[in-house]
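Notes to accompany the following structure.
Values below: all heavy atoms of this structure, side chains included; hydrogens, waters and symmetry mates excluded. Atoms within a ligand are numbered from 1 in the order they appear, just like the ligands themselves.
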Amino acid sequence: MQPTREQAWETLTRYTRSEALRRHALAVEAATRAYARRFGEDEELWGVTALLHDFDYEIHPTLDKHPQDGAPILREEGYPEVVIEAILSHAEHLSVPRDTPLKKTLFACDELAGFIHACGLVRPDGIATLEPKSVKKKLKQPSFAAGVHRDEVYRGAEELGIHLDDHITNVIAALQPIAKELGLRTS
Ligand SMILES: [Fe+2]
Ligand SMILES: [Fe+2]
């Protein structure tokens, strides 16, 4: 079956009450969808994958469970293996090879979308005028959004084969239309 966004949103919100986690899912979805369009791939399928990549984080907040223990739940709900395997591949500790464009894109968008979101939260106009230069500067400040793994941001862009500046520009552009949903100021 081809899963729909509506179905994925229903699954996500059934397992995820946290507003911050829902917003993270929306941010990664927007970035991943933008790349699906750019690459001429299946936008709905890529969006579903991104929306669900951390769906079990609230019930499995530790790496001995997330995301691997979420996989059987998704299987039970009827999601195809291509979605499930891509979700497993976003977790470094599982060492699932990122050997498809979807896997590379999800990995590249996950930490960076989170980081750009964090940058926007401390700016008076959110991400409306955010530029790669200031994102890169913040990446070099370990205390800022300390939970974001810098090495994964850099490796993600590298594996995707897109220059970090361009990748940052693309992700900012993808998030701008949903800034309000992400809780960012827009004026
Ligand atoms: Fe995750
Ligand atoms: Fe994530």
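We find that R22 and E181 are not joined by a salt bridge, their nearest charged nitrogen and carboxylate oxygen being 4.0 Å or further apart. R5 has a carboxylate O that lies under 4.0 Å from a charged side-chain N of E29, or vice versa, which qualifies the two as a salt bridge.
Checked against the Fe ion (ligand 2), the N, O or S atom of D110 at the shortest distance is OD1. Closest approach between the Fe ion (ligand 2) and any N/O/S atom of D54 involves OD2.
For the pair NE2 of H53 and NE2 of H24, the angle whose vertex sits at the Fe ion (ligand 2) is 90° to 10 degrees. For the pair NE2 of H66 and NE2 of H90, the angle at the Fe ion (ligand 1) is about 100°; rounding is to 10 degrees.
Between H90 and H66, the ring centre distance stays below 6.0 Å.
R185 contributes a side-chain N or O that, together with a main-chain N or O of P124, makes up a donor-acceptor pair within less than 3.5 Å.
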